[in-house]
Participant: 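Have a look at this one before I ask anything.
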Amino acid sequence: MPVKALYEYEFPSADRAELFGDDQLVYVHWDGNPLFCSAACFRVPQAMPFGEFVAQIVAPWAGSDPDFDPAAVRDWRLFDEPLAADDIRSLHDLGIGHKALLHFSA
Amino acid sequence: MSEQATSGPQATPSPQATPSTRRQVGIDLQDAEENRALVDAIRADNPELTIRHLPGLLKLQAAGRMVINRETVEGKLGREWDTGEFQLALVSYAGNFSEWDDDQIIVSWEH
Amino acid sequence: MTQAMPRKRKLPLKERYALLTRDLDWQPSYVGKEQLYPYTSYEGIKVHDWDGWSDPFRLTVDAYYKYQAEKDKRLYAVLDSFAQSQGHLALSDASYLNAIKLFIQGVTPLEYAAHRHFAYLARYLEGPAPRFAALCQSVDELRHAQTQIHTISNYNKYYGGFHSWSKMHDRVWYLSVPKSLFDDAMSAGPFEFLISISFSFEYLLTNLLFVPFMSGASFNGDMPTMSFGFSAQSDESRHMTLGLEAIKFLLEQDEANVPIIQGWIDKWFWRAYRMSALVAGMMDYMLPKPVMSWKEAFELYFEDQMLGGLFPDLDFYGIKPPRHVGDAIAEKDHLSHQVYKILHNFSFAAAFTTSTPTEEHSRWLASQYPDTYQQLYQPVWDRHRRIEAAGGRVFFQGLPQLCQVCQIPMAFTETDDPARISFRRSDYRGETFHTCSNGCQWVFEREPEKYVQAWLPVHQIYQGHCGGPTVPDVLAWYGIQDGDNGEYQGSPDARSWADWHASNPSPAPER
């Protein structure tokens with residue numbers, strides 16, 4: 001059902017990819033850890049290698065849990081599909097796009 | 001448009017088939033000295049009334065209908081009382097104000 | 001007895017009301033009706049007879065001002081005695097005020113927004129009776145905003161977090177929840193606004209939103225808040241009546257209105273219910289002396305009174321209970337715990353403080369939530385307590401994923417699996433959008449072109465619109481001062497409170 005309006009109702013999205021240039025937003029959820037209320041949101045370069053993303057972006061956040069062990073991170077998923085995590089390949093090459101949701105377990 | 005299907009039909013409860021005369025109406029009043037006579041009058045005119053105390057609040061409930069009569073309130077208060085003054089005591093309610101005139105206020109369900 | 005004495009009467013109430021709302025109106029002569037009232041047709045609502053509207057209160061101008069003046073007189077008497085008796089020391093505990101901080105930051109600006117929009121309805125609705133009802137409500141809402149600001153200013157002299165609520169309301173992440181809801185309503189047409197704010201918000205949920213705040217205030221020694229609350233609530237009863245009158249009037253006018261209104265009820269029940277989640281967290285976790293659990297209040301004020309009482313009445317018109325109401329019922333044992341978890345994770349970026357529940361409070365929660373608390377939530381709080389005993393305090397070192405519609409961090413779980421976060425995903429014009437629940441996803445997909453414009457605080461920070469890239473930059477831009485935020489234990493409020501209640505108190509310095 002379209003918005004009822006007195007004029008043509010057409011506005012751009014507030015978070016469209018182009019506003020982030022070569023970067024993008026990525027969400028990361030630590031499955032099954034109720035110490036965190038929700039997934040986290042990060043702004044990262046699309047070209048960032050996955051390994052760097054995990055070490056420099058995800059780990060410092062996950063470290064809010066004093067028991068976090070970076071070596072125990074496993075079972076990456078992109079939305080609901082298993083993700084073949086590859087430290088060398090970029091987020092973009094792994095198909096992780098703007099506003100994608102990643103899951104992991106630890 | 002959605003990739004993740006929403007769960008099946010909602011478990012929406014259907015309206016209970018309780019007639020309007022049995023469904024609870026309610027009035028919440030401030031628990032204050034100046035409302036004592038009003039509460040006494042409501043109690044007198046609504047024999048099936050239940051009253052629940054919450055901090056600062058009196059929760060009055062009755063099945064189907066609740067009536068407030070000016071004459072009864074005036075009798076308890078010992079002075080003239082306008083039905084409009086009921087607004088000063090009222091915090092909330094459940095039901096319809098099906099009547100509000102110079103002599104009477106009625107809260108009820110309609111259908 | 002006085003009842004036998006003849007009463008000096010003006011015209012009967014019915015007649016006075018009829019004169020005001022019928023006979024004082026006029027027909028436009030030099031412009032057409034469509035020019036005078038340009039906003040009452042495009043939503044598809046058909047009204048054949050505006051005189052079918054009647055206010056059960058039959059409020060007239062003289063009565064309105066007489067009773068409002070009396071309400072204000074009573075309230076200001078309480079405020080005076082509060083200031084004279086050092087009322088800021090008489091609370092159950094200073095941590096109680098976190099609930100009131102949430103109130104002035106989150107609710108008071110909504111009162112002002114409502115004041116503005118009811119002034120607009122008082123101009124643009126075609127019928128004189130609803131115009132007058134809207135005018136009274138507009139004045140009421142301004143009174144509410146003013147009395148709340150005035151009342152709560154008494155605490156601003158002594159406690160943190162009360163100073164910049166207006167700026168915060170426009171900027172801070174958790175306040176975008178109430179702000180965006182009202183923006184959504186105010187940017188809709190006049191009839192949708194009536195169903196959203198007057199019916200879904202005021203009639204369906206206002207009790208759940210306000211009465212627990214006020215009873216909580218009473219129970220925790222906060223007489224001024226209780227007084228302004230009940231003073232405002234007495235107006236609220238009139239506003240509820242306007243909401244109920246609006247929906248019945250519109251349903252009676254034309255059968256074609258029924259599906260339009262059902263759609264609005266479905267949307268606005270969920271929107272208002274989702275916002276009330278903040279109240280759920282407040283009720284169960286922020287009151288040192290809790291009054292009633294969220295679950296009990298939900299059952300009493302919503303399930304019994306609305307689903308049990310009101311909706312059978314509306315069934316007569318073909319109106320069904322709100323879509324997704326089953327999800328709300330299914331999560332009543334979980335909602336407050338999940339919401340307070342959010343606030344506890346993120347209070348480093350809030351203008352209030354949080355704390356892991358004490359063992360005593362935990363026992364109360366267990367008694368109120370026998371099916372869920374000890375099984376699911378207490379173990380997590382116990383873990384927080386162990387971490388804190390070792391000198392730590394878990395905050396979420398980052399920013400959360402937000403729901404595109406309600407703007408609350410995506411913390412809610414599947415109704416059939418409390419261990420799994422409920423992620424809903426929609427794609428619109430090639431972009432991904434995330435929502436927290438079936439309800440919010442349905443609202444999004446109904447009008448995606450509206451919700452893609454949402455000002456999501458997290459994404460705005462990442463776009464560089466919120467003062468800078470670091471937490472201190474953003475807090476400065478929010479107007480949050482050091483000590484307003486974080487953990488309650490050891491906070492400036494906690495220290496002042498302990499100091500003022502020590503056996504040899506030093507004179508309380510005003511902030």
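In what follows, every chain begins at residue 1, and chains take the letters A, B, ... in the order their sequences are listed.
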Participant: Main chain of B/Gln24, side chain of B/Trp109: is a donor-acceptor contact present, judged purely on distance under 3.5 Å?
Facilitator: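 Present.
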Participant: Quick one: do B/Arg23 and C/Asp313 make a salt bridge, cutoff under 4.0 Å?
Facilitator: yes
Participant: Could you tell me whether B/Arg70 and B/Glu74 have a side-chain N and a carboxylate O separated by less than 4.0 Å?
Facilitator: yes
Participant: Please rank C/Tyr67, C/Tyr203, C/Tyr17 by heavy-atom pairs under 4.5 Å with chain B and give me the top one.
Facilitator: C/Tyr67
Participant: Take B/His111 and B/Ser20, measure what side chain to side chain contact (heavy atoms under 4.5 Å, CB included) needs, and give me the verdict at the end.
Facilitator: CA-CA 6 Å; B/His111 302 291; B/Ser20 60; 5.8 Å; no
Participant: Checking heavy atoms, do the side chain of C/Met292, its backbone, both or neither come under 4.5 Å from chain B?
Facilitator: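 It is the side chain, since no backbone atom gets that close.
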Participant: Please name all residues satisfying ring pair (Phe, Tyr, Trp, His ring centres under 6.0 Å) with B/Phe97, sequence neighbours left out, ordered by chain then number.
Facilitator: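 For B/Phe97, the residues satisfying ring pair (Phe, Tyr, Trp, His ring centres under 6.0 Å) (neighbours in sequence not counted) are B/Tyr93, B/Trp100, C/Phe57.
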Participant: Mind ranking C/Gln68, C/Lys14, C/Glu245 by heavy-atom pairs under 4.5 Å with chain B and telling me who comes out on top?
Facilitator: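 Answer, by heavy-atom pair count under 4.5 Å with chain B: C/Lys14.
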Participant: Please determine if B/Arg79 and B/Glu85 form a salt bridge, counting it only when a charged side-chain N lies under 4.0 Å from a carboxylate O.
Facilitator: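 B/Glu85 and B/Arg79: salt-bridged.
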Participant: Flag the one option from C/Lys66, C/Met306, C/Arg74 with the top tally of heavy-atom pairs under 4.5 Å to chain B.
Facilitator: C/Arg74
Participant: Please identify each residue that fulfils ring pair (Phe, Tyr, Trp, His ring centres under 6.0 Å) with C/Phe302, with sequence neighbours left out.
Facilitator: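 By the ring pair (Phe, Tyr, Trp, His ring centres under 6.0 Å) rule, C/Phe302 matches C/Phe269, C/Phe298.
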Participant: Output the option from C/Pro56, C/Ser215, C/Ser218 having the highest count of non-hydrogen pairs under 4.5 Å with chain B.
Facilitator: C/Ser215
Participant: Would you mind checking which part of C/Leu310 comes under 4.5 Å of any heavy atom in chain B, side chain (CB onward), backbone (N, CA, C, O), both or neither?
Facilitator: both
Participant: For C/Phe433, is it the side chain, the backbone, both, or neither that has a heavy atom closer than 4.5 Å to a heavy atom of chain B?
Facilitator: neither
Participant: Would you mind checking which part of C/Met226 comes under 4.5 Å of any heavy atom in chain B, side chain (CB onward), backbone (N, CA, C, O), both or neither?
Facilitator: side chain
Participant: Sub-4.5 Å heavy-atom contacts with chain C: which residues of residues 26-46 of chain B show up?
Facilitator: B/Asp28, B/Gln30, B/Glu34
Participant: Should C/Glu296 and B/Arg52 count as an ion pair when the cut-off is N to O under 4.0 Å?
Facilitator: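 Judged by the 4.0 Å cut-off on N to carboxylate O distance, C/Glu296 and B/Arg52 do form a salt bridge.
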Participant: Can C/Tyr317 and C/Glu252 be counted as having a side-chain donor-acceptor contact under 3.5 angstrom?
Facilitator: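 On atom types as modelled, these side chains qualify, holding a pair under 3.5 Å.
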Participant: Among C/Ala328, C/Ser234, C/Ala217, which residue has the highest count of heavy-atom pairs closer than 4.5 Å to chain B?
Facilitator: C/Ser234
Participant: For chain C, which candidate among B/Leu88, B/Leu57, B/Asn96 shows the most heavy-atom pairs at distances under 4.5 Å?
Facilitator: B/Leu88
Participant: Just to verify, what does C/Phe249 make a ring pair (Phe, Tyr, Trp, His ring centres under 6.0 Å) with, not counting sequence neighbours?
Facilitator: C/Trp50, C/Trp53
Participant: Among B/Ala89, B/Ala94, B/Ser92, who wins on heavy-atom pairs under 4.5 Å with chain C?
Facilitator: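 Going by pairs under 4.5 Å, I would pick B/Ser92.
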Participant: Distance-only, no hydrogens or angles: does the C/Asp55 side chain make a donor-acceptor pair with backbone N or O of C/Leu59 under 3.5 Å?
Facilitator: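 Pair found, side chain donor or acceptor close to backbone of C/Leu59.
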Participant: Determine, for B/Glu48 against B/Arg65, whether the closest basic-nitrogen to carboxylate-oxygen distance falls under 4.0 angstrom.
Facilitator: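 No, this pair does not count.
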Participant: Counting only non-hydrogen atoms closer than 4.5 Å, does B/Arg22 touch chain C with its backbone (N, CA, C, O), its side chain (CB onward), both, or neither?
Facilitator: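 B/Arg22 has no heavy atom closer than 4.5 Å to chain C.
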Participant: So which part of C/Leu314 gets closer than 4.5 Å to some heavy atom of chain B, the side chain, the backbone, both or neither?
Facilitator: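 Contact with chain B involves no heavy atom of C/Leu314 at all.
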